[in-house]
Every structure is written in structure tokens, then in C-alpha cells.
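Below, read A as the first sequence line, B as the second, and so on, with proteins coming before strands; counting in each chain starts at 1. These numbers were taken from a predicted model, which means no experiment stands behind them.
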Amino acid sequence: MKFIPVKGTRDFYPEAMRMRNWIADAWRSASLRNGFEEYDSPIFEYLDLFTAKSGDEIASQLFNLTDRGGRNLAIRPEITPSLARMVNAKINALPRPIKWFSIPRLCRAERPQKGRLREFFQWNVDIIGPQDELADAECVLTAVDAMRELGLTSNDVQVCYSSRELLSEVLESLGVKGQSSADVMAVLDKRNKLPAEKFEAMLSDAVGDKTAMAGILKFLDTGAIDPDASPAEIAASAGIAPSENATAAIAKLQAFGGYLKAFGIADWCRYDTGIVRGLAYYTGIVYEVMDVGETLRAIAGGGRYDNLLEVLGGPAVAASGFGMGDVVLGILLEEKQLIGDLAQGVELFVIDGSADMFSDVINVVGRLRSVGAAAEFSYKRQNIGKQLKQADRRGACKAVILEPDGVVMIKDLASGEQTACKLAEILSDPTTIL
RNA sequence: GUGGCUGUAGCUCAGUUGGUUAGAGCACCUGGUUGUGGUCCAGGGGGUCAGGGGUUCGAAUCCCCCCAGCCACCCCA
């Protein structure tokens with residue numbers, strides 16, 4: 001073949017398109033149920049918007065271009081900067097909390113691999129305004145709600161959360177700072193992917209100091225957070241110096257856990273100190289949705305990013321949200337055999353009893369479509385058997401067979417039952433056969 | 001950017017130690033069973049064996065290059 005799709009992109013033939021729509025419909029309906037409004041932004045932006053958020057190095061991972069006026073542009077690799085830009089522009093006019101969602105098509109100039117393509121769709125759900133962990137919890141609830149709609153259960157996926165704030169505080173109290181802190185976080189992020197020995201060796205290299213190393217390992221072993229204990233007690237049992245920041249971060253984790261429980265999704269969620277979320281802009285609670293076997297990369301990731309609007313030139317306004325891509329989710333749904341039969345048939349298939357009645361067929365089809373019915377017909381004039389076969393293959397519910405002398409047989413294709421009526425009736429009121 | 005694996009029909013795959021005109025199933029198209037579907041029967045289209053070069057009397061098969069796909073690393077918003 002001379003022309004092939006670009007590396008890392010997908011063609012959506014009707015079958016794949018049904019799957020994509022099925023997922024997007026679940027995302028959209030869950031969003032609306034949970035009180036979010038849909039927005040969208042341009043598919044390309046000024047390159048600055050992305051480098052301002054993520055640094056100049058990000059440019060090499062973007063598809064960027066220069067327009068004829070010499071402007072540096074980039075295809076959006078994420079929508080959060082655009083969201084921040086849009087919200088900043090109207091921050092004083094928007095009622096809060098701002099609860100918005102989007103399902104953008106995104107592009108990243110990466111080498112494709114399992115669960116990662118160069119073009120994909122990502123559901124984004126954000127709440128801007130509240131500082132309360134209730135917002136973080138409501139985002140998680142929305143994610144769970146969509147996954148539930150798609151047929152997943154808490155036996156399939158878990159929302160693993162931690163506190164970026166607490167982790168920073170722990171590292172700092174152990175004297176791990178600056179580059180070392182960044183290195184340690186990078187290693188922690190791999191914890192669930194590496195064998196224990198290798199992980200500890202890498203961690204040891206990043207930390208350097210033995211006392212600090214022991215402190216980090218003790219912190220990592222923290223189990224579920226007791227909702228009833230005082231933050232100071234929890235800090236003590238996790239070997240964390242009970243600074244003001246540390247106890248505050250622990251209290252936030254407790255509040256977050258309480259909201260998850262109140263929303264009825266506690267069994268979908270668990271505290272996991274191994275969640276770090278890269279070195280991005282997160283400032284508080286962070287989480288990733290993992291498949292229970294942890295064989296796939298994260299299905300979704302998000303958390304609190306209270307500084308982003310300010311970084312992008314706006315006021316200091318708190319924000320929290322997540323992104324869920326269609327690629328890993330699609331793999332998981334397929335593995336769990338949750339996709340089912342997505343074929344969508346027409347309602348009615350209109351058939352001629354003899355070729356000379358074909359003009360009546362297109363007449364009836366036209367009338368049916370004018371009242372909103374999904375009606376189809378065969379382009380070829382052939383016997384009734386072949387036309388019925390075609391009706392069946394199109395997934396039609398009923399066949400409308402036009403016979404001589406104005407007689408019409410309505411055949412239910414599932415039961416095989418037929419009822420008769422008059423062509424004149426159908427033409428005057430097509431809704432009688434719906 | 002680095003590394004590993006794999007490329008035969010739209011899909012899943014056969015193809016012997018190199019040997020005539022590269023096959024099957026499914027899918028697709030046509031026709032039949034002479035006016036009621038999910039069957040059945042018959043026929044048909046479709047492949048420069050990813051592409052290029054080499055070895056050989058002869059290459060889908062052996063060697064080299066390249067391209068593409070998959071997978072992992074880096075990175076992961």
C-alpha cells in the first residue's frame with residue numbers, strides 16, 4: 001500500500017468507532033450525572049502555553065509547527081493548560097466551583113508502545129475553586145462512576161492515592177532535598193514496577209544517606225490511614241516527624257478518605273505510598289487508577305494542582321482533576337471482555353415484493369425517515385429472501401414488505417411474526433408501524 | 001533517542017532439506033435453491049510472499065540493507 005496511517009495513529013473503522021463512542025458516551029454521561037459541564041479548546045495553541053507549564057524540554061515531545069506569520073504553535077499534548085487559560089480569562093465571571101469536563105483528542109510525539117500512542121483521546125475532569133479535599137474526592141467519584149458504567153468493578157481496578165505534600169515533607173525532614181529529592185521521587189514512582197531488591201538499590205543510590213533511607217522505607221510501609229487516629233499518632237506510627245505541614249497533610253488524607261467513604265466508593269480506593277505522579281505540578285492529593293493485576297500502565301491519573309492557574313498568569317485559585325485516556329482503558333475493557341455487542345441496527349428495513357414496487361419502497365423510506373425512524377432498503381432488486389437476509393445483516397428490528405394491491409406485511413425479525421396493514425395508511429401516518 | 005521480536009490475501013495462518021502457475025478457513029462479491037431471513041450449494045475477485053539488493057540454474061525459503069508493526073527502556077503532562 002502506498003498510503004498508510006502515521007505511526008502511532010489509529011483509523012476508526014465503524015466497529016472501532018462504536019467502541020470509541022461507547023467509552024466516550026460513558027465518560028460524558030458520568031460527567032453530566034456528577035454535575036460537570038463540557039468545554040473544548042483549539043487543537044493547537046501557542047507553544048509558550050505548554051513550555052510555561054512544563055519547561056522548554058517539553059517542546060521535543062510535542063508536535064509543533066510554525067505558521068506563516070512565524071508564530072510557534074503546538075498541537076495540544078494535554079488540555080489542562082488550555083483549561084487554565086480559558087478559566088483565567090474569565091475567572092471573575094465564572095460561578096464557583098467551576099466543574100468542567102472535556103474529551104479532547106491529544107497528540108504527543110512519542111514512540112508508540114502498549115497503551116501509549118501518538119494520538120489518543122483523554123477524558124479530563126476538573127474542579128476549580130475549592131481547596132477542600134471534597135473536590136478531589138468528587139473527581140474520583142466521577143471516574144469510578146464512568147468505570148462502573150462500563151462494567152468494571154473494584155475487583156478490576158483500584159484508585160491508588162497518596163499525598164504529594166506529605167511525601168515532600170517526609171523527604172525534607174530526612175534531609176533529602178533539591179535534586180536528590182527529585183531523584184528519590186523518580187525512583188519511588190517505579191516502586192510497583194521493580195523487584196524489591198532492585199528498587200532498594202536504586203533508592204539507596206538516590207538517597208545516599210542510610211538514616212534517610214531507613215526513614216523512607218518505614219514511611220513507604222505505612223498501611224491504610226486510620227480515620228479515627230490523630231494526625232500526630234499516624235505520623236508517629238509511620239516514623240514521620242510530626243511537623244505542622246506533615247500533620248496537616250495527614251489530616252487532608254483523612255478528610256479525603258472520609259469523603260470517599262461517604263460517597264460509597266471506599267472499596268474502590270486505597271492509600272498507596274508508591275504513587276508519586278512524575279515530577280509535575282501536583283501539590284496535594286495525587287492518585288492513579290491501576291488495574292488490579294498491575295500489568296498495564298495507569299488507566300487514569302490526577303490530583304490537586306493549586307499553583308497552575310497562577311503559573312499561567314492568573315490568580316492563585318485551587319484546582320483538582322484527572323485525565324483518563326482511551327487507550328489503556330480500551331485494552332482493559334477488552335481483557336475483561338466487557339465490550340459486548342455494540343452493533344447498532346436500523347429499526348426498519350423496507351422490502352419490495354416485486355421490482356416494479358421499488359418506487360413505493362423509496363417512498364415509504366422517505367416517509368419513515370421524515371418522522372425520525374431509522375429506515376433502510378436494498379440498492380439491488382432481488383427476491384424477498386435475499387432482501388430479508390440483508391435486513392437481518394443490518395440488524396433491523398422489523399422488515400416492511402410491500403406486496404401487490406397495497407398490502408404491507410410487517411415482519412418482526414426476532415420472533416418471525418407478521419402483521420398486515422395498508423400501504424395508504426403507512427404513507428399517511430408512518431408512525432403506526434413504529 | 002536505545003534495544004529485542006515479527007512481516008505470506010481484508011483477518012487467522014499453512015507452505016517439506018531452496019524446485020513448476022504460492023494455498024486453506026473466515027470475510028467479501030456473483031449466482032442457485034424461481035417470491036419470507038440467521039442455513040445450504042456452486043462459482044468468483046483479491047497476494048510484485050512489506051520494499052530493495054545479493055547468492056544460486058532456480059528464492060516466500062539463505063545473506064545484507066531499508067521500511068513498517070509489536071514489545072521493553074528513556075520519558076510520561
Side-chain angles (χ1 to χ4, degrees), chain A residues 1-11 13 15 45 49-55 57-62 74-84 104 106-118 120 122 124 126 182 185-186 189-190 193-194 276-282 286 288 295-298 300-303 305 308 311-312 321-325 327-328 331 345 349 351-357 378-404 407 409-418 420:
Chain A
M1 282 293 276
K2 194 165 184 182
F3 298 107
I4 56 173
V6 173
K7 180 195 290 287
T9 65
R10 292 168 288 177
D11 287 323
Y13 286 84
E15 191 188 7
E45 294 270 6
L49 180 68
F50 304 117
T51 55
K53 185 201 144 208
S54 306
E57 324 78 58
I58 196 74
S60 65
Q61 294 168 60
L62 267 46
I75 300 176
R76 60 188 181 188
E78 57 170 331
I79 203 173
T80 313
S82 305
L83 168 67
L106 306 177
C107 294
R108 297 175 184 175
E110 303 184 283
R111 179 164 294 197
Q113 55 188 289
K114 188 172 187 182
R116 259 176 102 178
L117 300 173
R118 291 184 356 172
F120 55 96
Q122 188 186 67
N124 279 78
D126 294 275
M185 288 201 193
D189 201 35
K190 298 187 199 307
K193 285 181 75 175
L194 292 173
V276 180
R277 296 292 297 153
L279 300 171
Y281 48 68
Y282 293 105
V286 289
E288 287 182 349
T295 57
L296 302 174
R297 56 182 67 242
Y305 54 99
L308 184 63
V311 165
L312 294 182
F322 70 86
M324 180 183 293
V327 183
V328 179
I331 294 170
F349 200 98
I351 290 170
D352 55 45
S354 62
D356 60 342
M357 303 184 72
S378 172
Y379 266 73
K380 275 183 312 191
R381 308 282 47 84
Q382 43 188 11
N383 64 40
I384 291 178
K386 293 285 190 195
Q387 291 187 77
L388 277 168
K389 185 171 183 168
Q390 204 174 339
D392 180 57
R393 290 205 298 185
R394 288 304 307 272
C397 303
K398 292 177 186 170
V400 178
I401 305 166
L402 308 191
E403 298 191 346
V407 176
M409 300 302 293
I410 312 295
K411 177 163 186 164
D412 184 305
L413 289 170
S415 68
E417 285 172 29
Q418 295 195 147

Could you identify the nucleotide paired to [N], looking across every strand shown and requiring Watson-Crick or G-U wobble geometry with both distances under 3.5 Å?
N: B/A50; value: none
N: B/C73; value: B/G1
N: B/U6; value: B/A68
N: B/U12; value: B/A24

Contact pattern, 5' to 3', of nucleotides 26-41 of chain B - B, S or - by protein heavy atom under 4.0 Å: --SSS-B--BBBB---

A/Asp412 side chain vs A/Ala414 backbone, donor-acceptor pair below 3.5 Å: yes

Polar side-chain atom of A/Arg76 near backbone of A/Phe50 as donor-acceptor pair, under 3.5 Å: no

A/Arg118 CZ: over 12 foreign heavy atoms closer than 6.0 Å: yes

Distance check, [atom1] atoms only: [N] and [M], in whole angstrom units.
N: B/A60; M: B/C49; atom1: P; result: 7 Å
N: B/C66; M: B/U6; atom1: C1'; result: 16 Å
N: B/A27; M: B/C40; atom1: P; result: 9 Å
N: B/G47; M: B/A14; atom1: C1'; result: 15 Å
N: B/A59; M: B/U21; atom1: P; result: 11 Å
N: B/U48; M: B/A22; atom1: C1'; result: 13 Å
N: B/A50; M: B/U16; atom1: P; result: 15 Å
N: B/G45; M: B/U8; atom1: P; result: 23 Å

Side-chain H-bond candidate by donor/acceptor type, A/Gln387 with A/Asp352, under 3.5 Å: yes

Round to a whole Å and report the spacing from [atom1] of [X] to [atom2] of [N].
X: A/Asp189; N: B/C73; atom1: CG; atom2: P; result: 12 Å
X: A/Leu106; N: B/C76; atom1: CG; atom2: C1'; result: 13 Å
X: A/Glu57; N: B/G1; atom1: CD; atom2: P; result: 18 Å
X: A/Asp126; N: B/A77; atom1: CG; atom2: P; result: 15 Å
X: A/Asp11; N: B/C11; atom1: CG; atom2: P; result: 13 Å
X: A/Phe3; N: B/C67; atom1: CZ; atom2: P; result: 19 Å
X: A/Lys53; N: B/C76; atom1: NZ; atom2: P; result: 11 Å

Residue-phosphate contact under 4.0 Å: A/Arg108 side-chain N/O, B/A77 OP1/OP2: no

Grab the N/O contacts between the protein and nucleotides 69-72 of chain B below 3.5 Å, and write none if there aren't any.
unit_1: B/G69; atom_1: OP2; unit_2: A/Lys7; atom_2: NZ; d: 3.0
unit_1: B/C71; atom_1: OP2; unit_2: A/Lys114; atom_2: N; d: 3.1
unit_1: B/A72; atom_1: OP2; unit_2: A/Lys114; atom_2: N; d: 3.3

Touch class at under 4.0 angstrom, heavy-atom based, for A/Ile58 against every strand present: base

